[in-house]
Amino acid sequence: MSEQRKLTSQSEDFSAWYLEAIQRAELMDYAPVRGCIVFRPEGYELWERIQAGLDARFKATGHRNAYFPMLIPESFMQKEKDHIEGFNPELPWVTEAGGEKLEERLALRPTSETIIGHMYSKWIQSYRDLPVLLNQWANVFRWEKRTLPFLRTSEFLWQEGHTAHADESEARAESMRMLDIYAEFAEREMAIPMVRGQKTPSERFAGAVDSYSIEGMMKDGKALQAGTSHYLGQNFARGFDIKFLDRDNQLKLVHTTSWGVSTRLIGALVMVHGDEKGVALPPRLAPTQVIMIPIGPPKLRERVMEKFDVVFAALRQANVRVRSDVSEATPGFKFNEWEMRGVPLRLELGPRDVESNHCVLVRRDTGEKITANLDTIAERVKTMLEDIQGNMYTRALAFRLAHSHRHVNTLAELHRHIAEKEAAGALAGWVLAGWCGDDACEAKIKEEVKFTSRNIPFDPPAKKSHCITCGAQAAFTLWLAKAY
RNA sequence: CGGGGUAUAGCGCAGCUUGGCUAGCGCGCCUGCUUUGGGAGCAGGAGGCCGCAGGUUCGAAUCCUGCUACCCCGACCA
């Protein structure tokens, strides 16, 4: 086997492994514009499946889709102070059109709170108009200094929900409900366990009162914010004058929320489940669930293919997403190729199988080879796909637990923890820490060890009593980790 | 934005120090035959404005100058 065909090992260079894996699996390719990528069909279909799963959940909770323009007038961006301060450095601007300089330059949206706020102020008059529950599927732009395919690109695809409510408690309930939907989707469909929690003020969305996130652990021990949900209070209502006349005939400002997940989830999928063989996809999300490969020399091929087609049809019939690879490449090449692309299950059918009315199934998650009777193949495959789905989740959860640490109480101990892990060639992972609530204490952690607060988990595995930095009484317990 | 690096076939690279090239290697690609239960073998073949623009020279992938792009490492981020 040529060395060139193998991927860089995850342990040797995780970042190089990731870049090779997503390109070899044809999920993406680099575009000619800095920081922009092309979503190739394999990658885009993953996004389509994520969209389908989430969209159904949004609809089921009363949301409807709409679409707002990509170009946002500069004056709109200015209306919420924190918002413009947060996003200004990363905005691309349109300054010229039709050969003439524009009177007011237009930003390519980094998110749509402002333009949606503007529209809400026109649409909302009375408490009877509330709540407004909208979502949009869109592309957004953020000119990041350092880009990484799927995780951080200049343009990305996402979904942004924007809701307006008559009172605070209803808006807060909405932001929590959507966070739960994200976590449920990630865990059930993507087989990625998530930690739900609240962002600290320094990590909060620009313009939010409270931000919440779901965080997942990647295989290099780093944390990835996989989804966010914000209670925006009346900040945008004030900026855009979104008022309604309440039952008591008082003019009031609405309370808004926003929440989103992006194509970053594709990166999470790869970084959570991928291994030395390449990408590995959970069956529920995999564009191809079963790859069928015929075995045998040409003189025996006809007999094999006869049965092969029957099995293929049976799986199709059972709604299994099955594909066959009848190319001229050798079986061994195909095995490696489809494992690299992440197909959860392989079905091999050769002359010996046809004789005995069996086939060989090979699991992507464990590598296990199973001989299966062809009479009941569809049922067997479906059961096995569910088993793989469950196993991938269980494994990802076990991995996170194994690399989550709660014995660290002081910054000195955190230094020691990181040094020890590094010396042992192990991952530093996540560290549970107490925090007094002071921004300076949080900033010091980042400064010293490059760990940032991920979130304040709703159900921490333990409560920490003292601030990791200053030693004062802890007001919060949070997860610290290196993050993407 | 600071520090470092790279730019030669679709991909990965060698050649540059010491100018002489009709630019080479591996993988991939095309054709044919033989192969087929873990990355097949043999034979033949296609494919290059050596990042761009200047300069030095009889002669530049190679030396000089200036651009541009990308990558890696640090400060900002779904």
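Quick note on labels: first sequence line is chain A, next is B, and so on, each numbered from 1.
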A.B. asks: Classify A:Ser327 by what it touches in the nucleic acid, base, sugar-phosphate, or nothing, heavy-atom distance under 4.0 Å.
C.D. replies: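 If one applies the 4.0 Å heavy-atom cut-off, A:Ser327 turns out to touch nothing in the nucleic acid.
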A.B. asks: Please determine, for B:C58, whether a Watson-Crick or G-U wobble partner exists with both distances under 3.5 Å, and give it or none.
C.D. replies: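 Check on B:C58: paired to B:G20, both distances under 3.5 Å.
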A.B. asks: Tell me which nucleotide, if any, is Watson-Crick or G-U wobble paired with B:A43 when both distances must be under 3.5 Å.
C.D. replies: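 Its partner is B:U31 (Watson-Crick or G-U wobble, both distances under 3.5 Å).
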A.B. asks: I want to verify a distance call: between B:G38, B:C73, B:G37, whose nearest atom is closest to the A:Arg146 side chain?
C.D. replies: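 So the side chain of A:Arg146 is nearest to B:C73.
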A.B. asks: If you check the A:Phe333 side chain, which of B:G37, B:G39, B:C73 turns out closest?
C.D. replies: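 Looking only at side-chain atoms, A:Phe333 lies closest to B:G39.
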A.B. asks: In Watson-Crick or G-U wobble terms, both distances under 3.5 Å, what is the partner of B:A69?
C.D. replies: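 Check on B:A69: paired to B:U6, both distances under 3.5 Å.
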A.B. asks: Name the closest nucleotide to the A:Glu144 side chain, picking from B:G38, B:U36, B:C76.
C.D. replies: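 When the side chain of A:Glu144 is considered, B:C76 is the closest of B:G38, B:U36, B:C76.
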A.B. asks: Using whole Å, report how far CZ of A:Arg204 lies from P of B:C77.
C.D. replies: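 The answer, rounded to whole Å, is 13 Å.
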A.B. asks: Within the 3.5 Å criterion, strictly below it, is a donor on A:Thr452 or A:Arg454 matched to an acceptor on the partner's side chain?
C.D. replies: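 Yes, side-chain donor-acceptor contact under 3.5 Å.
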A.B. asks: Quick one: look up who B:C50 pairs with, Watson-Crick or G-U, both distances under 3.5 Å, and put none if it's unpaired.
C.D. replies: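 Across all strands, not a single nucleotide pairs with B:C50.
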A.B. asks: Quick one: is B:A40 close enough that its OP1 or OP2 comes under 4.0 Å of any side-chain N or O from A:Thr330?
C.D. replies: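 Affirmative; the distance criterion is met.
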A.B. asks: Could you check A:Lys369 against A:Lys450 and say which one's nearest nucleotide on RNA chain B is further toward the 5' end?
C.D. replies: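 Looking at the nearest nucleotide for each, A:Lys369 comes out on the 5' side.
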A.B. asks: Look at the side chain of A:Tyr30 and decide which nucleotide, out of B:G37, B:C77, B:C71, has an atom nearest to it.
C.D. replies: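 Selected nucleotide: B:C71.
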A.B. asks: What is the distance, rounded to the nearest whole Å, between atom CZ of A:Phe335 and atom P of B:G37?
C.D. replies: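 From A:Phe335 CZ to B:G37 P: 7 Å.
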A.B. asks: Under 3.5 Å, is there any donor-acceptor pair linking the side chain of A:Arg346 to the base of B:G38?
C.D. replies: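 Indeed, a donor on one side and an acceptor on the other fall under 3.5 Å apart.
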A.B. asks: Any side-chain donor-acceptor pair under 3.5 Å between A:Thr257 and A:Thr163?
C.D. replies: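 Note: A:Thr257 and A:Thr163 side chains meet the donor-acceptor criterion.
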A.B. asks: So, A:Arg264 side chain and A:Gln225 main chain: donor-acceptor pair closer than 3.5 Å or not?
C.D. replies: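 Indeed, once roles are kept as given, a pair shorter than 3.5 Å links the two residues.
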A.B. asks: Tell me which nucleotide, if any, is Watson-Crick or G-U wobble paired with B:G74 when both distances must be under 3.5 Å.
C.D. replies: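 Here B:G74 is engaged in a pair, and the nucleotide opposite it is B:C1.
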A.B. asks: Does A:Lys277 contact B:G38 through a side-chain donor or acceptor facing the base, at a distance under 3.5 Å?
C.D. replies: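 Per atom types, no contact qualifies.
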A.B. asks: Starting the side chain at C-beta, find the nucleotide from B:C76, B:C72, B:A78 nearest to A:Leu19.
C.D. replies: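 Selected nucleotide (nearest to the side chain): B:C72.
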A.B. asks: Within a 6.0 Å radius of atom CD on A:Glu302, are there more than 12 heavy atoms belonging to other residues, nucleotides or ligands?
C.D. replies: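 Open.
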A.B. asks: Any donor-acceptor pair under 3.5 Å between the side chain of A:Arg152 and the base of B:C77?
C.D. replies: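 Side chain to base: pair found, below 3.5 Å.
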A.B. asks: When we call it a touch if two heavy atoms are under 4.0 Å apart, what does A:Leu151 touch: a base, just sugar-phosphate, or nothing?
C.D. replies: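 It contacts base atoms.
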A.B. asks: If each of A:Ser15 and A:Glu337 is mapped to the nucleotide of RNA chain B with the nearest heavy atom, which maps nearer the 5' terminus, i.e. the 5' end?
C.D. replies: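 This one resolves to A:Glu337.
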